[in-house]
Amino acid sequence: ASGWDREAAYAKDLALVRAGQLDASPAGTPASAHDGYRALAMAWDAAQLGRSSTARAYLGLATSGGASPIEVGWVAGAIR
């Protein structure tokens, strides 16, 4: 896509999620799993930025925070 900077886009998204300015939880997510989905979104962004160890750390938080094991597996598959 012309004019799209992949690294800048994922870095901005990661910053917004970290700051709590972007809700990454799917509709209907129980409040108890909100932190898990926030961590899952940060894991995805970190994986896309090539930050494998950071992505794995966020995945651990996503798992303990109540994110879906299926979605955690999808993101884990994206980590190189």
Side-chain angles (χ1 to χ4, degrees):
S2 178
W4 186 68
D5 183 336
R6 174 187 175 92
E7 187 169 340
Y10 282 111
K12 181 178 180 181
D13 189 69
L14 181 57
L16 290 172
V17 175
R18 273 188 190 152
Q21 296 177 349
L22 184 63
D23 183 7
S25 299
T29 298
S32 61
H34 176 77
D35 288 342
Y37 280 99
R38 182 171 172 256
L40 188 65
M42 291 187 293
W44 174 260
D45 289 336
Q48 297 306 305
L49 291 167
R51 300 176 188 165
S52 300
S53 61
T54 301
R56 285 188 196 89
Y58 284 135
L59 262 189
L61 294 173
T63 299
S64 64
S68 162
I70 293 170
E71 292 178 68
V72 168
W74 291 339
V75 174
I79 298 172
R80 298 183 240 313

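Below, each value reflects all heavy atoms present in this structure, side chains not excepted, and no hydrogens, waters or symmetry copies. Note that this is a predicted model, so its numbers are computed, not measured.
L59 CG to I79 CD1: the interatomic distance, rounded to the nearest 0.5 Å, is 4.0 Å. In this structure, the separation between CH2 on W44 and OH on Y10 is 5.5 Å, given to the nearest 0.5 Å. Put simply, CD on Q21 and CG on D13 are 11.5 Å apart, with the number rounded to the nearest 0.5 Å. Here the CD-NZ distance, from E7 to K12, works out to 15.0 Å after rounding to the nearest 0.5 Å.
Closest approach of A55 to A47, counting heavy atoms only: CB-N, 3.7 Å. Across every non-hydrogen atom of L40 and V72, the tightest pair is CD1-CA, 3.9 Å. Between A39 and A62, the closest heavy-atom pair is CB-N, 3.5 Å.
In this structure R18 satisfies the side-chain hydrogen bond (donor to acceptor under 3.5 Å, both in side chains) test together with Y58, sequence neighbours excluded. In this structure P26 satisfies the side-chain contact (heavy atoms from CB on, under 4.5 Å) test together with T29, Y37, sequence neighbours excluded.
Both L16 and W4 are part of a single hydrophobic cluster, where members link through side-chain heavy atoms under 4.5 Å apart. L14 and W74 fall into different hydrophobic clusters, where Ile, Leu, Val, Met, Phe, Trp and Tyr side chains are chained together by heavy-atom contacts under 4.5 Å.
With a 4.5 Å cut-off on side-chain heavy atoms, H34 and D23 count as touching.
In this structure a side-chain-to-backbone donor-acceptor pair under 3.5 Å is present from R38 to V17.
Residue R6 places its CZ atom among more than 12 non-hydrogen atoms of other residues, nucleotides or ligands, all under 6.0 Å distant.
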